[in-house]
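Okay, so here's the structure we're looking at.
We number each residue from 1, following the sequence as shown. Values in this document were obtained by computation on a predicted structure and should not be read as measured data. Only this structure's heavy atoms are used, side chains among them; waters, hydrogens and symmetry mates stay out.
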Amino acid sequence: MLEEPRSGRMTAWGNALFAGEASPDEAVEWIVGDDTPHRVSGLPDGAAPDDRPVGLTLALGRLRTLGARALRIALPVPGHPLGLSGPPEFNSLALDAGEAVLVSGTAHGFVPEVRAAGPAGERSHPADTSLEVLWHCMPVRDAPPADVPSLGEAERELAEAMREATDTLTRLDVAGSGPVAQAALDAYRGRVEAGRRLLAPGYPPRAVRVLELAQRVHALVSIAHGETDGGREHGAAVSGSEIAVRAAALRPVERTARRAQVAAYNAYAEVSERGRA
């Protein structure tokens with residue numbers, strides 16, 4: 001529940017590559033991390049899309065050739081197309097995935113899909129579970145993304161959201177709701193103390209601060225919902241009605257945390273676009 005979205009790593013380290021703050025190999029290493037291999041399909045090759053999947057290094061290089069200036073993240077959920085700009089076909093795919101990357105300068109976007117690696121005929125056995133992340137490239141509208149706040153707005157909203165999340169946890173008797181929830185929060189703190197890297201070179205310190213706080217709020221919301229790395233634990237909310245009350249109380253807090261994450265990841269693009277104005 002506490003890991004970065006794939007689109008976040010793609011956005012941050014793709015921007016570091018475009019800014020000359022990271023080499024292609026370094027950017028790809030950070031994007032993939034300990035994930036399954038990544039490939040890209042549908043990226044334009046000349047005048048037409050190329051449906052043959054290519055490696056991430058080649059895809060990022062081709063984006064630069066096509067005039068890409070910056071990457072932006074979208075984290076949409078039903079009823080809230082956060083960071084999207086259309087068209088409906090792209091929005092629908094992004095909504096199903098819960099995330100996407102939009103490219104400034106080329107009017108294209110990417111949506112990740114985790115799938116079995118290679119056609120079925122290339123697998124040694126039908127039960128072969130080797131996976132890859134395939135990024136589907138599609139045209140997007142060159143329009144302002146939906147409902148993305150500035151970093152300043154996101155930081156102010158987050159401060160209030162953190163207070164609301166803490167108050168809600170206490171009011172619903174969720175704080176200390178069990179050993180699984182406590183272990184999840186301890187694991188989150190342990191990763192922070194271990195110095196995990198947020199964002200990438202070239203991002204302003206304020207963006208790092210906002211993303212850190214947004215992830216902390218998201219962690220509290222996830223624990224309040226009973227979502228932990230070890231499964232679901234609803235703590236004191238044992239009935240369906242109590243769980244529904246908890247979800248309704250935390251929904252605005254979760255929305256604020258997602259908006260702040262998008263603002264942080266998109267900070268490089270915002271600075272880049274202001275510099276071109």
Query raised in the report: Within a strict 4.5 Å, meaning less than it, do heavy atoms of the Leu17 and Glu26 side chains meet?
Result: no

Query raised in the report: Is there side-chain contact between Leu63 and Phe18, with heavy atoms separated by less than 4.5 Å?
Result: yes

Query - Close side-chain approach of Val114 to Arg6, heavy-atom, < 4.5 Å - result: yes

Query raised in the report: Would you call Met10 and Leu56 a side-chain contact if the rule is heavy atoms closer than 4.5 Å?
Result: yes

Query raised in the report: Among the clusters formed by ILVMFWY side chains lying less than 4.5 Å apart, do Val133 and Leu60 turn up in the same one?
Result: yes

Query raised in the report: Does some side-chain heavy atom of Gln261 sit less than 4.5 Å from a side-chain heavy atom of Leu75?
Result: yes

Query - Candidate list Ile73, Val32, Asp35, Leu199, test side-chain contact (heavy atoms from CB on, under 4.5 Å), partner Arg9, passing option - result: Asp35

Query raised in the report: Taking C-beta and beyond as the side chain, do Arg72 and Pro145 meet within less than 4.5 Å on heavy atoms?
Result: yes

Query raised in the report: What heavy-atom pair brings Ala264 and Leu211 nearest, and what distance separates the two atoms?
Result: CB-CB, 3.7 Å

Query raised in the report: Phe110 versus Leu71: any side-chain heavy-atom pair under 4.5 Å?
Result: no

Query - Minimum heavy-atom distance Ala263-Pro149, with the two atoms named - result: CB-O, 3.4 Å

Requested in this report: Assess whether side chain to side chain contact (heavy atoms under 4.5 Å, CB included) is satisfied between Glu270 and Ser150, documenting all intermediate values.
Outcome: CA-CA 9 Å; Glu270 296 295 338; Ser150 69; over 6 Å; no

Query raised in the report: Should Val40 and Trp13 be regarded as members of a common hydrophobic cluster, given that ILVMFWY residues are connected when their side-chain heavy atoms come within less than 4.5 Å of each other, either directly or indirectly?
Result: yes

Query raised in the report: With side chains defined as the heavy atoms from C-beta onward, is the minimum distance between Glu99 and Pro112 less than 4.5 Å?
Result: yes

Query raised in the report: Are Leu134 and Val101 connected in a single hydrophobic cluster, I mean Ile/Leu/Val/Met/Phe/Trp/Tyr linked by side-chain heavy atoms less than 4.5 Å apart?
Result: no

Report task. Evaluate the ring planes of Trp135 and His38, with Trp represented by its six-membered ring, and classify them as parallel (under 30°), tilted (30 to 60°) or perpendicular (over 60°). Result -> tilted

**Report entry** Minimum-distance pair of heavy atoms, taken over all atoms of Ala267 and Leu151
**Finding:** CB-CD1, 3.7 Å

Query raised in the report: What are the two closest heavy atoms between Ala100 and Val111, and how far apart are they?
Result: CB-CG2, 4.0 Å

Query raised in the report: Under a 4.5 Å side-chain heavy-atom rule over Ile, Leu, Val, Met, Phe, Trp and Tyr, are Val140 and Val262 clustered together?
Result: no

Requested in this report: Could you grab the distance from atom CD of Glu29 to atom OG1 of Thr57, nearest 0.5 Å is fine?
Outcome: 10.5 Å

Query raised in the report: For the hydrophobic clusters of this structure (ILVMFWY residues joined by side-chain heavy atoms under 4.5 Å, transitively), does one cluster hold both Val77 and Tyr265?
Result: no

Report task. For Arg259 and Asp147, run side chain to side chain contact (heavy atoms under 4.5 Å, CB included): C-alpha distance rounded to whole Å, both residues' side-chain angles, the deciding distance at 0.1 Å, then the answer. Result -> CA-CA 8 Å; Arg259 292 180 78 237; Asp147 198 35; 3.1 Å; yes

Query raised in the report: Between Leu158 and Ala260, which heavy-atom pair has the shortest distance, and what is it?
Result: CD1-CB, 3.3 Å

Report task. Please test Arg258 against His80 for side chain to side chain donor-acceptor pair (under 3.5 Å), starting from the C-alpha separation and ending with a verdict. Result -> CA-CA 10 Å; Arg258 281 191 304 106; His80 189 204; 2.7 Å; yes

For residues 83-94, tabulate all N or O donor-acceptor pairs below 3.5 Å that involve a side-chain atom, not counting sequence neighbours.
residue: Ser85; atom: OG; partner: Arg141; partner atom: O; Å: 3.0
residue: Asn91; atom: OD1; partner: Gly86; partner atom: N; Å: 3.2

Report task. Decide side chain to side chain donor-acceptor pair (under 3.5 Å) for Glu21 and Tyr203; before the verdict, give the C-alpha distance in whole Å, the side-chain angles of both, and the deciding distance to 0.1 Å. Result -> CA-CA 10 Å; Glu21 299 279 357; Tyr203 273 83; over 6 Å; no

Query - Criterion side chain to side chain contact (heavy atoms under 4.5 Å, CB included) on Arg115 and Leu131, from CA distance to verdict - result: CA-CA 5 Å; Arg115 67 171 199 172; Leu131 301 174; over 6 Å; no

Report task. Give the minimum heavy-atom separation between Gly105 and Arg69, together with the two atoms involved. Result -> CA-NH1, 3.6 Å

Query - Glu160/Arg163 ion pair, N-O < 4.0 Å - result: yes

